[in-house]
Amino acid sequence: MKKFTKALILAAVAAVMMAPLSAADKKNAVDELKARGTFVLGLDASFPPLGFTNDDGSIVGYDIDLAKEVARRLGVAFKAQPIDWDAKEMELNTNNIDCIWNGFTITEERKEALSFTDAYLNNEQVLIVRADSGIKTLDDMKKKKVGLQSGSSAQEAVDGNKKFKKSLKKIIFFKDNVAALNDLEIGGVDGVVMDSVVGAYAIKTTGKNFVIVSEPLANEEYGIGFRKSEPELRDAVWAILKEMQADGTVASICAKWFSKDISVIK
């Protein structure tokens, strides 16, 4: 009898030890972040003006300035972590980064895998061409070569426009938009599909002889992607961004990078 009772007690203790933690026992993702002490943002570090490496090797940009202030208000340090954009979801789900925040387009497919904030910027996927190319419309790209960043929403926009895609001679994939625009400059491709926010900034700052075709391929919204299991961290970051919008911080950062307030944070 004693042996049987002892066995029951041991079994009960083992069951308690092996049982999953209750909601009360689990650490909140915000608390875990604060315990680690550093908010790690994953980005393509060649995506100006949202996040890019400047001449002195530091990572700067509109999204970077927003995220730094969010980290400061959370009471943690900030780190911008360049990642392979093709592997961005893997980087997030293996805990190498805390979020994907770098002109990250909200799509239904991505919402299935990630936990997104609301939109903080609007964007379009546009075609950029050389000013002397004679290309005025999307139809003018018939039998011509287009370049775009692999794994980007530009690729999704081209895939989604069947007529445009079918008319092209060839699609050439690049690691980033900078490489694609460099190839456009030397005539390797006839046009580049990319984010209007990035394209307009590139034309303005580089002075290259490029123009944006007025007809967009797609309208988009930028959001911040978090792990599905950490909605509380997403909500905490979004709450701070709304505070920053209300107190004028977002408008000030917009003025720095875009010369006007283009934020769509409610």
Rounded distance (nearest 0.5 Å) linking atom [atom1] of [X] with atom [atom2] of [Y]:
X    : Y    : atom1 : atom2 : result
I172 : S150 : CD1   : OG    : 13.0 Å
L241 : K266 : CG    : NZ    : 14.0 Å
L168 : K142 : CG    : NZ    : 11.5 Å

Would you mind telling me which of L92, L114, V237 makes a side-chain contact (heavy atoms from CB on, under 4.5 Å) with F226? V237

Of the options N102, I83, I97, which is the one that meets K88 in a side-chain contact (heavy atoms from CB on, under 4.5 Å)? I83

Under the side chain to side chain contact (heavy atoms under 4.5 Å, CB included) rule, what do D139 and K163 come out as? Steps first, then yes or no, please. CA-CA 9 Å; D139 287 343; K163 178 184 174 184; 3.8 Å; yes

Check whether [X] and [Y] end up in the same hydrophobic cluster, where Ile, Leu, Val, Met, Phe, Trp and Tyr are linked by side-chain heavy atoms less than 4.5 Å apart.
X    : Y    : value
V213 : V198 : no
I64  : V70  : yes
V211 : V193 : yes
L41  : I106 : no
V158 : V126 : no

Would you call [X]-[Y] a salt bridge at under 4.0 Å N-O?
X    : Y    : answer
E156 : R110 : yes
D247 : R73  : yes
K165 : D159 : yes
D98  : R227 : yes

With side chains defined as the heavy atoms from C-beta onward, is the minimum distance between [X] and [Y] less than 4.5 Å?
X    : Y    : value
I100 : I224 : no
I253 : Y62  : yes
I240 : K242 : no
F47  : D63  : no
M244 : L66  : yes
M141 : L127 : yes
L181 : V192 : yes
D84  : K175 : no

Yes or no on salt bridge (charged side-chain N to carboxylate O under 4.0 Å, His left out) for K256 and D65, after CA distance, side-chain angles and deciding distance? CA-CA 10 Å; K256 172 182 174 182; D65 285 352; 2.8 Å; yes

Give me the atom names and distance for the closest heavy-atom approach of [X] to [Y].
X    : Y    : result
D86  : G151 : OD1-CA, 3.1 Å
L50  : V197 : CD2-CG1, 4.3 Å
I128 : F210 : CG2-CB, 3.8 Å
A251 : D261 : CB-OD2, 3.6 Å
W238 : Y120 : CZ3-CB, 4.1 Å
V250 : I265 : CG2-CD1, 4.3 Å

Is it true that a side-chain atom of [X] and a backbone atom of [Y] form a donor plus acceptor pair closer than 3.5 Å?
X    : Y    : value
S133 : R130 : yes
T205 : Y201 : yes
D140 : T137 : yes
D190 : K144 : no
S196 : E124 : yes

Y222 pairs by side chain to side chain donor-acceptor pair (under 3.5 Å) with which of D195, T105, T117, N122? D195

Assess whether side chain to side chain contact (heavy atoms under 4.5 Å, CB included) is satisfied between V189 and V146, documenting all intermediate values. CA-CA 6 Å; V189 293; V146 74; over 6 Å; no

Can you see whether S153 engages E220 through a side-chain donor-acceptor pair at a distance of less than 3.5 angstrom? yes

Between the side chains of S263 and Q245, does any donor sit under 3.5 Å from an acceptor? yes

Parallel, tilted or perpendicular: rings of F78 and F39 (30°, 60°): tilted

Look at atom [atom1] of [X] and say whether more than 12 heavy atoms of other residues, nucleotides or ligands are closer to it than 6.0 Å.
X    : atom1 : result
D55  : CG    : no
K208 : NZ    : yes
K228 : NZ    : yes

For side chain to side chain donor-acceptor pair (under 3.5 Å), just list the numbers for Q149 and D176, CA-CA rounded to whole Å, side-chain angles, deciding distance to a tenth of an Å, and then say yes or no. CA-CA 5 Å; Q149 181 182 20; D176 54 51; over 6 Å; no

So V40 and N96, side chain to side chain contact (heavy atoms under 4.5 Å, CB included) or not? Walk me through it. CA-CA 8 Å; V40 183; N96 291 332; over 6 Å; no

F164 vs L217, test: side chain to side chain contact (heavy atoms under 4.5 Å, CB included). Steps then yes/no. CA-CA 9 Å; F164 176 73; L217 277 88; 3.6 Å; yes

Mind checking what makes ring pair (Phe, Tyr, Trp, His ring centres under 6.0 Å) contact with F116, not counting sequence neighbours? F104

